[in-house]
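Below is one structure, written out as structure tokens; the observations come after it.
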Amino acid sequence: MADYDFDVLIIGAGPGGYVAAIRAAQLGLKTACVESRETLGGTCLNVGCIPSKALLHASELFEEAAHGHMAQWGITGEFKLDLDKMHAGRKEAVGGLTKGIEFLFKKNKVEWLKGQATFESKDSVRIGDRTVRAKNIVIATGSSVTPLPGVTVDQQRIVDSTGALELPQVPEHLVVIGGGVIGLELGSVWRRLGAKVTVVEYLDQILPGMDEEVRKEANKIFKKQGFEYKLGTKVTGAQANGNGITVTVEPAKGGAAETIEASHVLVSIGRRPNTEGLGLDKAGLTVNNRGQIETDHSFRTSVPGIWAIGDVIPGPMLAHKAEDEGIAVAENIAGLTGIVNHAVIPSVVYTTPEIAGVGLTEEQARAEGEVKVGKFPMMANSRAKTNREPDGFIKVIADAKTDRVLGVWMINNLAGTMIAQAAQAMEFGATSEDIAYTCHAHPTHAEAFKEAAMAVRGKPIHI
Ligand code: FAD
Ligand code: NAI
């Protein structure tokens with residue numbers, strides 16, 4: 001240790017990095033975390049998960065109140081939008097949580113090194129005018145927005161996800177480029193608050209990577225809510241014109257170009273790993289053809305002593321995946337066995353209704369072997385029906401021979417919370433029968449999960 005300033009130096013204080021730092025310190029390692037942002041918490045807490053969920057929650061309340069959903073239950077009144085106050089609520093959520101990480105760093109004696117880190121060698125990093133040596137270095141630098149050639153983000157009228165969280169007025173017509181998770185979540189926020197929203201998606205269907213049936217159902221529900229789509233269409237440019245933007249689109253498979261007039265444009269075509277300016281060459285590291293740093297199952301890179309986790313390595317770009325890798329990498333550095341089961345990482349889209357899945361999609365499972373699928377519609381679930389939340393379904397995909405659950409997909413108002421049960425069941429190697437014979441409280445949306453599991457054997461009760 002004599003030569004080293006720290007046992008562990010973590011670059012980046014997002015959900016991957018800050019969690020790794022706390023766990024490393026808990027395990028008795030002398031730990032520092034470098035962060036170039038003013039506040040801790042990374043993309044997730046500052047400009048990602050948390051502020052988007054604050055606006056999703058607030059805009060949902062507004063839609064319920066102002067657009068008549070509450071009136072169905074006899075609750076009426078005059079409801080007005082105070083957007084500044086809504087933004088203040090978002091900032092308060094971000095401020096509270098980022099300060100919370102600062103508190104946890106102090107409590108666990110993690111040193112926060114403020115500034116941009118650049119490798120000087122495989123075990124030393126420069127931060128401002130200071131060079132720090134560490135026995136282990138964890139790269140947790142996360143990701144940023146993928147730019148779209150021909151569409152220049154000005155964060156006023158042409159925004160990325162960060163700008164879309166801060167719009168000072170409700171757009172008249174928001175054109176969303178990319179029908180993925182960000183497009184649909186932030187598109188939902190502004191649609192609920194009064195914007196016309198058109199989603200332009202390159203592929204033939206929204207939400208790539210998810211179960212086909214779920215994608216189709218989501219498309220149908222969002223259309224009913226007022227979303228407009230241009231599927232199988234790519235954006236080739238966006239030009240400011242007076243007060244608006246002219247967006248040029250053309251069929252993805254070729255054909256005549258056309259234009260869409262928008263007041264605002266959201267670019268949400270994906271994210272790319274942050275490795276620029278990190279000096280990876282000085283550490284002897286390279287990136288793969290997707291710009292990611294490759295690791296083995298223990299999160300070791302090709303250079304001994306350097307580890308990597310989170311959005312900067314392959315796998316889904318999700319906060320909980322980064323967090324679990326943060327815990328595992330710290331445990332591996334401490335000589336324990338840190339494992340992440342990448343086959344069981346849930347994903348959630350926080351729209352209304354919510355969309356969630358874990359494990360294989362039906363298409364993936366069928367490609368691997370014979371399966372049985374049980375499906376249960378929310379319309380037949382007593383609680384969802386009572387609450388007037390009939391949209392969506394739950395589907396359980398099981399191995400036809402062993403009955404082991406291979407995947408669970410759902411679209412319903414509480415899917416984001418309910419998917420945890422599916423993930424836990426799969427982590428424990430559950431069969432559909434195990435779920436079908438687990439007592440679920442009545443009346444809950446979760447009973448639909450039990451019924452979907454019963455449906456795998458063709459024996460649900462309520463349909
Ligand atoms: P990041 O959170 O990106 O953190 C990396 C940190 O490293 C950053 O703070 C950066 O400033 C710092 N850094 C980078 N380079 C350096 C350097 N050289 N020196 C010092 N510091 C550096 N995921 C979910 O699971 N659920 C959600 O609901 C969700 N919502 C999202 C909504 C939006 C709008 C966005 C954009 C993302 C969302 N995500 C969500 C994705 C989630 O934010 C990321 O998967 C997660 O933050 C990745 O964590 P990370 O620790 O790998 O990196
Ligand atoms: P995404 O990968 O989810 O979706 C991008 C979409 O843009 C794809 O459907 C793609 O086909 C489309 N696209 C690409 N180029 C296009 C073009 N030129 N014209 C039209 N469409 C085009 O990426 P997104 O939504 O930007 O999100 C980035 C990441 O952030 C995701 O990987 C996700 O994991 C994470 N995230 C997670 C959330 C959650 O867990 N709830 C919420 C928000 C983000």
[Y] backbone acceptor or donor facing [X] side chain under 3.5 Å:
{"X": "Arg157", "Y": "Val265", "answer": "no"}
{"X": "Glu201", "Y": "Gly179", "answer": "yes"}
{"X": "Thr233", "Y": "Val249", "answer": "no"}
{"X": "Asn332", "Y": "Ser298", "answer": "yes"}
{"X": "Thr236", "Y": "Thr248", "answer": "yes"}
{"X": "Arg37", "Y": "Gly12", "answer": "no"}
{"X": "Ser36", "Y": "Gly115", "answer": "no"}
{"X": "Arg215", "Y": "Leu207", "answer": "yes"}
{"X": "Glu35", "Y": "Ala13", "answer": "yes"}
{"X": "His57", "Y": "Ser52", "answer": "no"}

Any side-chain heavy atom of [X] sitting closer than 4.5 Å to one from [Y]?
{"X": "Ile306", "Y": "Phe119", "result": "yes"}
{"X": "Glu362", "Y": "Lys395", "result": "yes"}
{"X": "Thr43", "Y": "Thr162", "result": "no"}
{"X": "Glu323", "Y": "Cys44", "result": "no"}

Could you pull out the closest heavy-atom pair between [X] and [Y], with the gap in Å?
{"X": "Gly187", "Y": "Val176", "value": "CA-CG2, 4.4 Å"}
{"X": "Gly48", "Y": "Pro51", "value": "O-CD, 3.4 Å"}
{"X": "Ala365", "Y": "Ile397", "value": "CB-CG2, 3.7 Å"}
{"X": "Val110", "Y": "Ala21", "value": "CG2-O, 3.6 Å"}
{"X": "Ile309", "Y": "Gly326", "value": "CD1-CA, 3.7 Å"}

With sequence neighbours left out, what residues match [X] under ring pair (Phe, Tyr, Trp, His ring centres under 6.0 Å)?
{"X": "Phe227", "value": "Phe222"}
{"X": "Phe62", "value": "His67"}
{"X": "Phe376", "value": "none"}

Which residue, Val132, Val125, Val8, forms the side-chain contact (heavy atoms from CB on, under 4.5 Å) with Ile137?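 Exactly one candidate clears the test, Val125.
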
Matching residue for Trp409 among Ile394, Val214, Val358 - test: side-chain contact (heavy atoms from CB on, under 4.5 Å):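 It is Val214; the other options fail the test.
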
One thing to verify: whether Glu389 and Arg383 come together as a salt bridge, which I'm taking to mean a side-chain N less than 4.0 angstrom from a carboxylate O.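 No, this pair does not count.
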
Salt bridge present between Lys216 and Glu213 (N-O < 4.0 angstrom):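 Looking at Glu213 together with Lys216, the answer is no, because their closest N to O distance does not fall below 4.0 Å.
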
Qualifying residues under side-chain hydrogen bond (donor to acceptor under 3.5 Å, both in side chains), relative to Asp160, sequence neighbours excluded: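 With sequence neighbours excluded, Asp160 shows a side-chain hydrogen bond (donor to acceptor under 3.5 Å, both in side chains) to Gln155, given in chain and number order.
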
Quick one: side-chain hydrogen bond (donor to acceptor under 3.5 Å, both in side chains) partners of Glu325, sequence neighbours excluded?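 Partners of Glu325 under the side-chain hydrogen bond (donor to acceptor under 3.5 Å, both in side chains) test: Lys321, His342.
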
With distance as the sole criterion, is a donor-acceptor pair present between the side chains of [X] and [Y] under 3.5 Å?
{"X": "His264", "Y": "Gln156", "answer": "no"}
{"X": "Glu120", "Y": "Thr131", "answer": "yes"}
{"X": "Ser143", "Y": "Asp311", "answer": "yes"}
{"X": "Asn46", "Y": "Thr39", "answer": "yes"}
{"X": "Thr352", "Y": "Glu60", "answer": "yes"}
{"X": "Gln205", "Y": "Asn219", "answer": "yes"}

In chain order, what residues pass the side chain to side chain contact (heavy atoms under 4.5 Å, CB included) check against [X], with sequence neighbours excluded?
{"X": "Asp324", "answer": "Val340"}
{"X": "Glu363", "answer": "Asp211, Glu212, Thr361"}
{"X": "Glu228", "answer": "Lys196, Thr198"}

List the steps, then state whether side chain to side chain contact (heavy atoms under 4.5 Å, CB included) holds for Ser268 with Leu186. CA-CA 10 Å; Ser268 48; Leu186 295 179; over 6 Å; no

Test Leu278 against Ile11 for side chain to side chain contact (heavy atoms under 4.5 Å, CB included), laying out the working first. CA-CA 10 Å; Leu278 200 51; Ile11 307 177; 4.2 Å; yes

Salt bridge (Lys or Arg N to Asp or Glu O under 4.0 Å) partners of residues 164-178, not counting sequence neighbours, each pair once: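 Found Arg90-Glu166.
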
Can you list every pair that meets salt bridge (Lys or Arg N to Asp or Glu O under 4.0 Å) and has a residue in residues 252-264, with sequence neighbours left out?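 For residues 252-264: Asp204-Lys253, Lys230-Glu258.
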
What is the distance from atom CG of Leu266 to atom OG of Ser161, rounded to the nearest 0.5 Å?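 Spacing of CG (Leu266) from OG (Ser161) equals 7.5 Å.
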
Does a sphere of radius 6.0 Å around CZ in Arg388 hold more than 12 heavy atoms from other residues, nucleotides or ligands, not counting ones at 6.0 Å or beyond?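 Yes, because the 6.0 Å sphere around CZ of Arg388 holds more than 12 heavy atoms from other groups.
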
Should we say atom CE of Met70 is surrounded by more than 12 heavy atoms from elsewhere, each under 6.0 Å from it?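 Buried by this count: over 12 neighbours within 6.0 Å.
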
Think Lys234 forms a cation-pi with Tyr202, using NZ or CZ under 6.0 Å from the six-ring centre and within 45 degrees of its axis?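 Not satisfied by the 6.0 Å and 45° rule.
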
Hey, does the Lys NZ or Arg CZ of Lys30 hover above the aromatic six-ring of Phe6, less than 6.0 Å from the centre and inside 45° of the axis?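 That pair qualifies as a cation-pi contact.
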
Just list the side-chain donor-acceptor pairs under 3.5 Å for residues 71-82, sequence neighbours left out, or say none.
| unit_1 | atom_1 | unit_2 | atom_2 | d |
| --- | --- | --- | --- | --- |
| Asp82 | OD1 | Asp84 | N | 3.4 |
| Asp82 | OD1 | Lys85 | N | 3.2 |

If the condition is salt bridge (charged side-chain N to carboxylate O under 4.0 Å, His left out), which residues does Glu331 pass it with, not counting sequence neighbours?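 Residues passing salt bridge (charged side-chain N to carboxylate O under 4.0 Å, His left out) with Glu331: Arg23.
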
